[in-house]
Engineer: 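Can you keep this structure in mind? I'll have questions shortly.
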Amino acid sequence: MAEEDRMTLAPTEIYGRSDEEQQNGPKIWRRKTEEPPGNCIVYSLTIIVIVFAVCLILSLIFLRISKPEIETVSISTSDLRFGGNSSNPYFNATLVSDISIRNSNFGAFEFEESSLRIVYADHGVVGETTIGGRRVEAHKTVRVTGIVAEIGSFRLLNTRGLDSDLRSGFLELTSVAEVRGRIKVMGRRKWKIGVMSCTMRLNLNGRFIQNLLCD
């Protein structure tokens, strides 16, 4: 009975871990090393440089203020009279001009009342009138019509050479104007003066203006 009651325990076999199990065993994940502080400084400086360059480009585009462009679009004449002799030549006429004012800025251009003068050759001013002040919006062109100027040789102090010009049938004239106003861009105000200088030829026999050319 003692032998039957005795439990026979088989020796437990101990297996070692194979090389394959060791190689295919659970992997140990390690935390990635953080970027060194020097790289963060480089990135920050790069971003600052890019932002500064963008702001500089935008300021050159939007904050740049240029003067308005003015030119005579058309001009007609009426009530033309001329004649006299070599000692007392004369001419009188009414000129009606249409001018354009172009504002290429990113802000409105507001100008005050300005003067327009008509000059005969190099002898002097023979007529003068005014251009009413107004507002020209950003990137817009305004056309001012019906500007009337009475011209006449009576304004000249010296009429030397006028007789020969009258006999030739042509008078060389120049229309000159200065438009002064303020341009406001993003809260910044600046005074600008637009200058116009247009040469033309008054055809006395045909009673019209030809060869109109603006600088």
Side-chain angles (χ1 to χ4, degrees), residues 65-105 109-137 140-183 190-215:
I65 299 178
S66 58
K67 63 182 180 180
E69 301 174 11
I70 308 170
E71 65 177 2
T72 299
V73 179
S74 65
I75 185 168
S76 60
T77 181
S78 62
D79 301 328
L80 174 62
R81 296 181 179 86
F82 62 95
N85 49 45
S86 58
S87 61
N88 188 29
Y90 73 91
F91 71 89
N92 298 290
T94 300
L95 300 183
V96 182
S97 305
D98 293 349
I99 68 171
S100 67
I101 303 174
R102 181 176 179 270
N103 177 22
S104 60
N105 297 286
F109 172 61
E110 296 181 357
F111 65 92
E112 54 196 22
E113 187 176 274
S114 307
S115 64
L116 184 148
R117 294 170 296 163
I118 306 297
V119 181
Y120 161 56
D122 57 351
H123 295 280
V125 176
V126 293
E128 188 170 5
T129 187
T130 58
I131 303 171
R134 63 187 60 200
R135 176 186 176 96
V136 184
E137 298 296 336
K140 297 291 184 180
T141 300
V142 169
R143 185 162 177 165
V144 184
T145 61
I147 303 174
V148 179
E150 302 289 342
I151 65 172
S153 56
F154 64 89
R155 295 174 178 267
L156 298 174
L157 298 177
N158 183 5
T159 58
R160 181 179 301 175
L162 176 59
D163 179 59
S164 61
D165 288 342
L166 292 176
R167 283 188 278 108
S168 71
F170 300 100
L171 294 180
E172 302 296 334
L173 304 176
T174 304
S175 178
V176 180
E178 290 186 358
V179 175
R180 184 174 186 268
R182 292 179 300 178
I183 299 174
K190 191 170 184 180
W191 286 94
K192 283 291 183 179
I193 300 177
V195 179
M196 179 189 74
S197 179
C198 300
T199 58
M200 66 196 79
R201 175 176 290 177
L202 175 57
N203 188 315
L204 298 174
N205 297 321
R207 298 178 180 272
F208 62 88
I209 297 292
Q210 64 186 48
N211 298 346
L212 176 63
L213 179 63
C214 297
D215 295 337

Engineer: Identify the residue among Tyr120, Tyr90, Phe82 that makes a side chain to side chain contact (heavy atoms under 4.5 Å, CB included) with Leu162.
Structural biologist: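 Of the listed options, the one satisfying the test is Tyr120.
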Engineer: Counting only heavy atoms not in Arg117 (residues, nucleotides, ligands), do more than 12 fall under 6.0 Å from its CZ?
Structural biologist: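 Incorrect, the count does not exceed 12.
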Engineer: Locate the shortest heavy-atom distance separating Leu212 from Cys198; write the atom from each residue and the value.
Structural biologist: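 Heavy-atom minimum between the residues: CD1-CB, 4.1 Å.
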Engineer: Is it the case that the side chain of Thr77 and the backbone of Arg207 share a donor-acceptor pair, with hydrogens and angles ignored and the cut-off at 3.5 Å?
Structural biologist: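 Checking the backbone N and O of Arg207 against the side chain of Thr77, no donor-acceptor pair under 3.5 Å is found.
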Engineer: Taking Phe170's backbone N and O only, do any of them form a donor-acceptor pair with Asn203's side chain (distance below 3.5 Å, no angle check)?
Structural biologist: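 Not confirmed, Asn203 side chain does not pair with Phe170 backbone.
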Engineer: Okay, side chain of Thr129, backbone of Val148: is any donor-acceptor separation there less than 3.5 Å?
Structural biologist: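 At least one qualifying donor-acceptor pair exists.
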Engineer: To the closest 0.5 Å, what do you measure between CE (Met200) and CG (Leu171)?
Structural biologist: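 So the CE of Met200 and the CG of Leu171 are separated by 12.0 Å.
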Engineer: What closest approach, in Å, do Ser175 and Leu116 show between heavy atoms, and which atom pair accounts for it?
Structural biologist: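 Scanning both residues completely, I find the closest heavy atoms to be OG-CD2, 3.7 Å.
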Engineer: Show your working on side chain to side chain contact (heavy atoms under 4.5 Å, CB included) between Val126 and Leu156 and close with a plain yes or no.
Structural biologist: CA-CA 7 Å; Val126 293; Leu156 298 174; 3.7 Å; yes
Engineer: Identify the heavy atoms of Ile183 and Ser66 that sit nearest to each other, and give their distance.
Structural biologist: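 Looks like CD1-O, 3.5 Å.
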Engineer: Is any side-chain heavy atom of Val179 closer than 4.5 Å to a side-chain heavy atom of Met196?
Structural biologist: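 The answer is no; the side chains never approach within 4.5 Å.
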Engineer: Once rounded to the nearest 0.5 Å, what's the spacing between atom CG of Leu95 and atom CD1 of Ile151?
Structural biologist: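 One gets 4.0 Å once the value is rounded to the nearest 0.5 Å.
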Engineer: Out of curiosity, Arg180 CZ to Phe109 CZ, how far, rounded to the nearest 0.5 Å?
Structural biologist: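 Those atoms lie 10.0 Å apart.
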Engineer: Side chains of Val144 and Arg134: does their closest heavy-atom pair fall under 4.5 Å?
Structural biologist: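 Val144 reaches Arg134 side chain to side chain.
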Engineer: Does any non-hydrogen side-chain atom of Asn211 lie less than 4.5 Å from one of Leu213?
Structural biologist: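 The answer is no; the side chains never approach within 4.5 Å.
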Engineer: Is there a donor-acceptor pair under 3.5 Å between the side chain of Asn103 and the backbone N or O of Glu137?
Structural biologist: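 Checked: pair present.
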Engineer: Could you walk me through whether Asn92 and Asp79 pass the side chain to side chain contact (heavy atoms under 4.5 Å, CB included) test, one step at a time?
Structural biologist: CA-CA 8 Å; Asn92 298 290; Asp79 301 328; over 6 Å; no
Engineer: Could you measure the distance from the OG atom of Ser197 to the CD atom of Glu178? Nearest 0.5 Å is fine.
Structural biologist: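 Rounded to the nearest 0.5 Å, the OG-CD separation comes to 10.5 Å.
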Engineer: How long is the straight-line distance from CD1 of Ile75 back to CG of Leu173, given to the nearest 0.5 Å?
Structural biologist: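 Leu173 atom CG to Ile75 atom CD1 measures 8.0 Å (nearest 0.5 Å).
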Engineer: What are the two closest non-hydrogen atoms of Ser86 and Pro89, and how far apart are they?
Structural biologist: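 That would be O-CD, 3.8 Å.
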Engineer: Shortest non-hydrogen contact from Asp165 to Ser168?
Structural biologist: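 For Asp165 versus Ser168, the nearest heavy atoms are O-OG, 2.6 Å.
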Engineer: Of all heavy-atom pairs between His123 and Asn158, which one has the smallest distance, and what is that distance?
Structural biologist: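 Here His123 and Asn158 meet closest at ND1-O, 3.9 Å.
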Engineer: Give a yes or no on whether a salt bridge exists between Glu110 and Arg135, defined as a side-chain N under 4.0 angstrom from a carboxylate O.
Structural biologist: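 The answer is yes: the pair qualifies as a salt bridge.
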Engineer: Any side-chain heavy atom of Arg143 sitting closer than 4.5 Å to one from Thr141?
Structural biologist: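 No. Closest side-chain heavy atoms not under 4.5 Å.
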Engineer: Nearest 0.5 Å, what's the CD1-OG1 distance between Ile147 and Thr72?
Structural biologist: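 Nearest 0.5 Å value for the CD1-OG1 distance: 7.5 Å.
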